[in-house]
Amino acid sequence: MEDLLKILNEQQQRAVAAPPGPTIVLAGPGSGKTRVLTYRIAYLVGAMNVPAWNILAVTFTNKAAREMGDRVSKILGANADGIWLGTFHAICGKILRSEADLLPVTRDYVIFDQDDQEALLKEIIRENNLDEKLYRPASYLNEISRAKNELITPEEFPISSFRDEQTQRLYRIYQERLIKNNAMDFDDMLVYTTRLLDEYPIVRETYSHKFEHILVDEFQDTNLAQYAILKNLACTHNNLYVVGDEDQSIYRWRGADYRNLNRFKKDFKDAKIFLLEQNYRSSQNILDSAMAVIDRNKNRTHKQLETVREKGEKITMIVAEDDREEAQAVVSAIRDGIHMRGQKPGNFAIMYRTNAQSRLFEEAFRREGINYRLVGAQRFYGRREVKDMLAFLRLVHNPLDEISLRRCINLPPRGIGAKTLESLQAQAAASGLTMGEVLLDLAHGRADLLESMGREGAKLATFGSMLLKWRETAQHNRLVLLFDRIVVDTGYEPYIRDKSEEGQDRWENLLELRSVVLEYEEEGLANFLESMALVSDQDTLPENVEAPTMLTLHAAKGLEFDQVFIVGLDENILPHRRAVDDEEELAEERRLLYVGITRAKSRLTLSRARRRRSPYGSYEETLASRFLDDIPEEHLTGSPRGLPSRYNYDNRGYGRGGYNDSLFGEGSFGRGSSYGSGYGSSYGRGSGSSGKRGSSGGSRWENPAWMQQKSVTKDPPKTKYKAGQQVKHATYGRGVVKSSKIEFGDETVEVYFEGYGLKALVASMAKLEVLR
DNA sequence: AGCAGCGGCCTTTTT
DNA sequence: GGCCGCTGCT
């Protein structure tokens, strides 16, 4: 253990070896806080003899959890087994399923995402004859969400206007309906867990004893509900170790409250505080600029960030004529970095305020033939065909879920339209059941029902029978069989797989989902559905892909890149239009920029556009972001208001090679960015395709191995692997093929591995080596 | 019941 | 400029 401590600096060592009890680690960007957390866990296990299963570590994303888990395992090996490590929501999910008896929902509850929530609230608004134009679900959901994050029940909802009254009413009905659907939303997971711990001393004490040591990453982004959970869990020991940085608090709008740090100090008077100021990431120029930006915020402690690295290059400013040119300039710069200076494509990142901004950059990358990876936006799990399939699976798991029922009951169209649904709903209401229950009753051959519902009853009974069959399949068979049954029984394949390229993409997405299903054979449907609901954007960031990354500033938190481009530094973009007239929100926009700047290791480029397309289509003049004023000129190359440098776009349909020099301007020439005029245009083309999934962009699903391999659907289905063959797998080692067959155009091999048992693998992805 | 065509509405950020 | 929902036609 002492050896381990040696590779940490003095501040880090002290934080890692802190005595038990409430502890705050204030960690500047790039100061190795993940490292401190990892070693803290190792220290607890290795030096303080705390069993791993008595440790709970909470991270902000699943990806962060995975990374930390890997690092801890590397240090501790099997001694790390049993540790609870995950996001707040994942950990709450685990607790809630264990304690489901105490909840108003059953163990089979499903998690409603934003779309489901909106669908449900929309229904409620409709049923209550409220004007849908006036009652936008999203805006009410926002308020409901905020209330939940502050642990305010519908009854406690504060009322000071007519709108508040409506919100309260909708909130109350919305909660009732969630329970009726045997569902909860993201916020409920926190709220129910809090209440479980608050109201049942036995539960509180059980978990508090189990989690003798609790560690929390990104503490500045916890909300009140999360804080309450932590406090409850720590109630018997106070061993609460939190790491955070108030300057990186960027989720206020989601209820996060960096004042939880103050709350913590107040609630735990004896809390020890450690500071990590040594930066290992960025050049001093970058850090100085970051500090210049953040120092303008009030109510914070100034931190003097020092780097171990060199002073580094100045920050480059690009000012383009319009947003399209901005995108082209940034992508050209990346292209030059890759091709002229031999930089690795993965070194680059483009960060923006809103997802919508990614589009022009995607187009520019395509023009240049450069592959890219995109975080978030239209995620894989947000795709229609994926959500459709998940709706079927959710309905099978939880027939009370009316949102999923409505979504999938007529997929593909089978004559169950609005009218049929209405009569199903009427029947449900009349018998005090849910629609799903009525369907299952019909399937069970309830003659009275069938009779009273006439022709519609017959249609519904057909679907009900399928549902019943699927539910039986789910109980006795492999998960993937259920998946396949649904696809076959509904005729979903021909429905989405039309002749178009899009149709093919959709089908391939479905196959990809199927291969995810294969990974959940042991964990089962409930766990599969839960992880599907809890994957975050960052979790879908493709790894091991050498390509520039595009992501929002929010998604960039916790990451680092050698060269960072922060784009759209205009008023109303960054800071965002919605934030400019509120001081608190403005401060958060500033922190957002700070987070972005501090992601950069060696080189930082800021860009803006003089004209920008408004959401409506027309072009608007822009003003330079006020934040640019705060970056001292000595750190900057190019002026925020200066002239753009001359770009040459290689005549790719956009080439006015260069811009009018005589445009008004304060900036002087030659100070412009270094993307000089016209490097050759001969490279880049066709080096990769980024658009396999159309404009929706990628995720970790971008070009997976099986995609390159043409699917085989025609007979005869020849399998590559044969029963009895000895094979080798990267993770599982040696195994014997038990069977292999073509399912949906992809070969599925069942292999028996020593020490791992029977595994079902997708042949094109598993990369099995045939030994004999 | 289902599709095509038209008009109104947007855009923060996410577990 | 694009998505969603509504209307009216088959």
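In what follows, chains carry the letters A, B, and so on, assigned in the order in which the sequence lines appear, proteins first and then strands, with residues in each chain numbered from 1.
- Using a 4.0 Å heavy-atom criterion, one finds that A:N410 contacts the sugar-phosphate atoms exclusively.
- Remark: ring of A:H576 overlaps the six-membered base ring of B:dT12 in a stacked fashion, centroids less than 5.5 Å apart, planes less than 30° apart.
- Out of C:dG2, B:dT14, B:dT11, the shortest distance to the side chain of A:T552 is found at B:dT14.
- At a threshold of 4.0 angstrom between heavy atoms, the contacts of A:T420 are confined to the sugar-phosphate backbone, with no base atom among them.
- B:dT13 has no stacking from A:Y251 on its base ring, since the centres under 5.5 angstrom apart and planes within 30 degrees of parallel are not both found.
- Here A:N355 reaches the OP1 or OP2 of B:dT13: one of its side-chain N or O atoms lies under 4.0 Å away.
- When the nucleotides C:dG5, B:dT13, B:dT14 are ranked by their closest atom to the side chain of A:R353, B:dT13 comes out on top.
- Classification of the A:F60-A:Y251 ring pair by plane angle, with boundaries at 30° and 60°, yields tilted.
- Between A:R252 atom CZ and B:dT15 atom C1' there is a gap of 19 Å when expressed in whole angstrom units.
- Between A:Q220 and A:E218, the side chains place a donor N or O and an acceptor N or O closer than 3.5 Å (distance only, hydrogens not considered).
- Spacing between atom CZ of A:R414 and atom P of B:dA1 amounts to 14 Å, rounded to whole angstrom units.
- Atom CD of A:Q117 and atom P of B:dT14 are 15 Å apart (whole Å).
- Following rounding to the nearest Å, A:N149 (CG) and B:dT14 (P) show an atom-to-atom distance of 16 Å.
- Ring pair A:Y352/A:F361 is parallel by interplanar angle, where below 30° counts as parallel and above 60° as perpendicular.
- In this structure, A:L593 places its CG atom 17 Å from P of B:dT13, rounding to the nearest Å.
- We find that CD1 of A:I125 is positioned 13 Å from P of C:dG5, with the value rounded to whole Å.
- Taking atom NZ of A:K63 as the reference point, atom P of B:dT15 lies 12 Å away to the nearest angstrom.
- Counting any heavy atom pair closer than 4.0 Å across all strands shown, A:E585 reaches a base atom.
- Comparing A:I416 and A:H554 against DNA chain B, the residue whose closest nucleotide sits nearer the 5' end is A:I416.
- Relative to the side chain of A:R613, the nucleotides C:dG1, B:dT14, B:dG2 differ in distance, and C:dG1 lies closest.
- The shortest non-hydrogen separation linking A:A225 to A:T194 is O-OG1, 3.6 Å.
- Relative to the side chain of A:K459, the nucleotides B:dA1, C:dG5, B:dT12 differ in distance, and B:dA1 lies closest.
- Within the 4.0 angstrom heavy-atom criterion, only backbone atoms of the sugar-phosphate kind lie near A:R136; the bases stay farther away.
- In the set B:dG2, B:dT15, C:dG5, B:dT15 carries the atom at the smallest distance from any side-chain atom of A:F186.
- Checking A:L261, A:N297, A:N299 one by one against A:E246, the side chain to side chain contact (heavy atoms under 4.5 Å, CB included) holds for a single residue, A:L261.
- Listed for the A:D570 side chain is no donor-acceptor partner under 3.5 Å among the backbone atoms of A:R608.
- When rounded to the nearest whole Å, the span between CD1 of A:I573 and C1' of B:dT11 equals 10 Å.
- If you check every strand for non-hydrogen atoms under 4.0 Å, A:A90 touches nothing.
- Nucleotides C:dC4 and B:dT13 have their C1' atoms positioned 23 Å apart, rounded to a whole Å.
- For B:dT12, the base has no donor-acceptor partner in the side chain of A:R578 [N/O atoms by modelled type, under 3.5 angstrom].
- Across all strands shown, A:K557 has no heavy atoms under 4.0 Å from either base or sugar-phosphate atoms.
- Under 4.0 angstrom from either OP1 or OP2 of B:dT15 there lies no side-chain N or O belonging to A:T61.
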